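See below for the structure under consideration.
Keep in mind the model is a prediction, meaning the values are calculated, not measured.
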Amino acid sequence: MKETGLPEISDSGKTRGSAEGGLDRYDIAILAELQRDARLSNAELASRIGLSAAPTWRRVKWLEDEGYITGYRAEIDRRKIGLGVLAFVRVDAERNNAEATRALEDGLRAMPEVVSCHYISGTGTFELQVVTTDLDAYSRWARDTLFKVPNVKDMHTSFSLGEVKAGAAWPLSHLMHSGGRA
């Protein structure tokens, strides 16, 4: 498709890329299908959502360019690769100012064992999900790595005793009920 600098007109007639454009039913269907199986060929995806291949490809490209789709990755069973411990770690910061918080964030981002990190309300500053091979490895990681990061005051750990649900797709039904606008 030739770049003209003008907004793209979608197959449904909606102007793509405009503020009022939002997501339509085809965009939502693409997101739902790719969450279920990101390895779908463009032809199979098009068939599933009811469009031809070319507009489906353009829509996927637009969803990527606009940041709705941020990547594609394989889901790996952590236990199969030897990561038997999943810990939920609440970290309390020593100081809560911008510079100290940034230093702590940078330290947490650099740790491959930290697979998820969130600012939280209530007690604590951050909630982490941490994976290690076993309890001894977790203990070493906490003592030798986490407590050496600047601004860590304290931590509280809970261990997963079993996963009930993990790796779920994001719910999209609210997009349909809001008239398809994101």
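Residues R59 and D24 form a side-chain contact, since some pair of their non-hydrogen atoms from C-beta on lies under 4.5 Å apart. Taking the side chain as every heavy atom from C-beta outward, V114 and W141 approach each other to under 4.5 Å.
Contacts of R48 classified as salt bridge (Lys or Arg N to Asp or Glu O under 4.0 Å), with partners at least two apart in sequence or in another chain: E33, E44. Not counting sequence neighbours, the partners of D77 by the side-chain hydrogen bond (donor to acceptor under 3.5 Å, both in side chains) test are R79. Residues satisfying the side-chain hydrogen bond (donor to acceptor under 3.5 Å, both in side chains) test with S116, not counting sequence neighbours, are H118. By the side-chain hydrogen bond (donor to acceptor under 3.5 Å, both in side chains) test, R109 is found to be paired with E105, D106, residues two or more places apart in sequence or in another chain being considered.
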Got a list of side-chain donor-acceptor pairs under 3.5 Å for residues 125-132, not counting sequence neighbours?
residue: T125; atom: OG1; partner: A93; partner atom: N; Å: 3.2
residue: E127; atom: OE1; partner: R90; partner atom: NE; Å: 3.0
residue: E127; atom: OE1; partner: R90; partner atom: NH2; Å: 3.2
residue: T132; atom: OG1; partner: D134; partner atom: O; Å: 3.1

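Within 6.0 Å of the CD atom in E163, the count of heavy atoms belonging to other residues, nucleotides or ligands exceeds 12. Environment of CZ in R143: crowded, with over 12 heavy atoms of neighbouring residues, nucleotides or ligands closer than 6.0 Å.
A distance of 15.0 Å separates CG of L175 from CZ of R25, quoted to the nearest 0.5 Å. To the nearest 0.5 angstrom, T101 atom OG1 is 10.5 Å from L108 atom CG. Atoms OG1 and NZ, from T56 and K61 in turn, are 15.5 Å apart once rounded to the nearest 0.5 Å. C117 SG to L104 CG: the interatomic distance, rounded to the nearest 0.5 Å, is 7.5 Å. Here the straight-line distance linking atom CD1 of I69 with atom CD1 of I30 works out to 7.5 Å at 0.5 Å rounding. In this structure, D27 CG and I49 CD1 are separated by 8.0 Å, a value rounded to the nearest 0.5 Å.
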- Task: Determine, stepwise, if the pair L34 / Y72 fulfils side-chain contact (heavy atoms from CB on, under 4.5 Å).
- Result: CA-CA 9 Å; L34 289 178; Y72 302 88; 4.1 Å; yes
- Query: side-chain contact (heavy atoms from CB on, under 4.5 Å) between M111 and L146: does it pass, once the steps are laid out?
  - Reply: CA-CA 9 Å; M111 297 177 191; L146 181 61; 4.2 Å; yes
- Starting from the C-alpha separation in whole Å, work towards a yes-or-no answer on side-chain contact (heavy atoms from CB on, under 4.5 Å) for L45 and L51. CA-CA 9 Å; L45 177 61; L51 286 177; over 6 Å; no
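When hydrophobic clusters are built by joining Ile, Leu, Val, Met, Phe, Trp and Tyr residues whose side-chain heavy atoms come closer than 4.5 Å, directly or via intermediates, I76 is grouped together with L83. Put simply, V85 and I81 are part of two different groups of oily side chains (I, L, V, M, F, W, Y) that touch within less than 4.5 Å, one to the next. Linking Ile, Leu, Val, Met, Phe, Trp and Tyr whenever their side-chain heavy atoms come within less than 4.5 Å leaves V91 and L86 in two separate clusters.
Nearest heavy-atom pair, A110 versus P112, reported as atom, atom and distance to 0.1 Å: O-CD, 3.3 Å. Between F88 and S160, the shortest heavy-atom distance links the atoms CE1-CB, 3.9 Å.
For D92 (side chain) and M155 (main-chain N/O), no donor-acceptor pair under 3.5 Å exists by modelled atom type.
For residues 145-165, the ring-ring contact (aromatic ring centres under 6.0 Å, His included) pairs, not counting sequence neighbours, are Y138-F159.
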